[in-house]
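Single-structure report; data block below.
These values consider heavy atoms only, across backbone and side chains, with no hydrogens, waters or symmetry-generated copies.
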Amino acid sequence: MTKKIIYRLLIVIILIVVTDKVVGHYLDGLYKKNRCDFSNGKLNVFLEEDNVDTIIVGSSRVLHTIKPNILGKGVKTLAFQHKHIYHNAVIIDLLKQEQKLPRKVLIFNIEMEDLYIQYEPRLLEQLYSLKYYYSKNGLAKELINRKGYQESLKFLSSVYRHNGEGWKLIAYPRTNLCSPVSETGYVPLIPNANDSARLSRSLIDDFKPYNFKKINPKVIALLEGIINTCDEMNIDLIFINAPYFKYHPEFIYASNYMKKFCREKNVRYVDFNEELITGLEQPEMWYDNMHLNDNGANIYTKYLKSKLTE
């Protein structure tokens, strides 16, 4: 009787493992074919295109605020909504791995909250959109494993790396939900009548106290890794901090830390919250406190261009 139970249990385990491998392989194929603006289709498109001279990497504050066409030919942004330093450090490491780094300049927008240790849980959650690369990129695996020992167990499953996104890979193409990827990487926030109310609301929501206290040493190590990569590949690196309509006072310490860090590393850093950018004092240029609308993006990008040529 015991042997029969064990035999049946082994059959069930084998069926589960085989099913997991088959479904995982199927989802891997859908992921690699995806060229729509969901489930990293944007990254797939970028990795198959020719190398460009300048890449600007960052969060939505790059995605919606920097217009590569104004900066010139050979410039693209590679930016992701709600994705910060842990995610974007892996993106740069993937570009290096796939030999898709820029030929000349890498501009990296660093969010000041990222520097604080209290923000790490959110940074780790943002990494999950790169689960596909857990077994393909050492930095992705290292950072995801910071969530705990259970991560290495979860990733024994081939399906798990598509958890939360796999249904999109199946459903979206069948329903023709395929937003095209922006050619330059810029996605405009078109000015509308709600901008003023949204800005006012964000000036309340964004100014709740963070109670930041300690710099995250892992973030500093990642910044050093980006610096080393650019030195190795002979790429000019510039760290920037995009403008806010009103700057949270708890970000000032982090920005000063970045200044000192970049000075010691001989890397250029520009905090645009310390620059007087004519036009951006007008509320109608803003989508909310941290994002410019399309009109504001014109002003900021032109100023960025002049600053970069200094």
Taking atom types as modelled, find out whether [X] and [Y] have a side-chain donor-acceptor pair closer than 3.5 angstrom.
| X | Y | answer |
| --- | --- | --- |
| Tyr186 | Asp294 | yes |
| Tyr134 | Asn145 | yes |
| Ser157 | Asp20 | yes |
| Tyr269 | Ser255 | yes |
| Tyr86 | Asn216 | yes |

Output the distance between atom OH (Tyr160) and atom CG (Leu153), rounded to the nearest 0.5 Å.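 These two atoms lie 11.0 Å from each other.
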Got Trp286 and Arg198 here, is their nearest side-chain heavy-atom distance under 4.5 Å?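 SC-SC contact between Trp286 and Arg198 ruled out.
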Do the non-hydrogen side-chain atoms of Pro68 and Ile56 ever get within less than 4.5 Å of each other? no
Among Tyr210, Phe207, Tyr257, Tyr119, find the residue that satisfies the ring-ring contact (aromatic ring centres under 6.0 Å, His included) test when tested with Phe251. Tyr210
For the salt bridge (charged side-chain N to carboxylate O under 4.0 Å, His left out) test, which of Glu120, Glu151, Glu125 pairs with Arg146?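 Of all the options given, the one that passes is Glu120.
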Using atom types as modelled, flag every donor-acceptor pair under 3.5 Å from a side chain in residues 237-246 to any protein atom, sequence neighbours excluded.
from: Asn241; atom 1: OD1; to: Arg61; atom 2: NH2; distance (Å): 2.9
from: Asn241; atom 1: ND2; to: Tyr247; atom 2: OH; distance (Å): 2.9
from: Asn241; atom 1: ND2; to: Asp271; atom 2: OD1; distance (Å): 3.2

Determine, step by step, whether Asp53 and Lys73 satisfy the salt bridge (Lys or Arg N to Asp or Glu O under 4.0 Å) criterion, reporting the C-alpha distance in whole Å, the side-chain angles of both residues, the deciding distance to 0.1 Å, and the verdict. CA-CA 8 Å; Asp53 290 337; Lys73 293 181 179 180; over 6 Å; no
Give a yes or no on whether the ring-centroid distance for Phe212 and Tyr253 is below 6.0 angstrom.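 No, too far apart.
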Strictly under 6.0 Å, is that where the ring centroids of Tyr287 and His64 end up? no
Centre of Phe46's six-membered ring, under 6.0 Å away, within 45 degrees of the axis: is that where NZ or CZ of Lys100 sits? no
Taking the six-membered ring of Tyr303 as reference, does the NZ or CZ atom of Lys307 fall below 6.0 Å from its centre and within a 45° cone about the axis?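 Judged by the rule (NZ or CZ under 6.0 Å from the ring centre, within 45° of its axis), Lys307 is not positioned above Tyr303.
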Distance-only criterion, 3.5 Å: show the donor-acceptor pairs between side-chain atoms of residues 88-95 and protein atoms not counting sequence neighbours.
from: Asn88; atom 1: ND2; to: Lys83; atom 2: O; distance (Å): 3.1
from: Asn88; atom 1: ND2; to: His84; atom 2: O; distance (Å): 3.3
from: Asp93; atom 1: OD2; to: Asn137; atom 2: ND2; distance (Å): 2.9

So, using side-chain contact (heavy atoms from CB on, under 4.5 Å) as the criterion, who are the partners of Val23 when residues are at least two apart? Thr19, Leu27, Val159
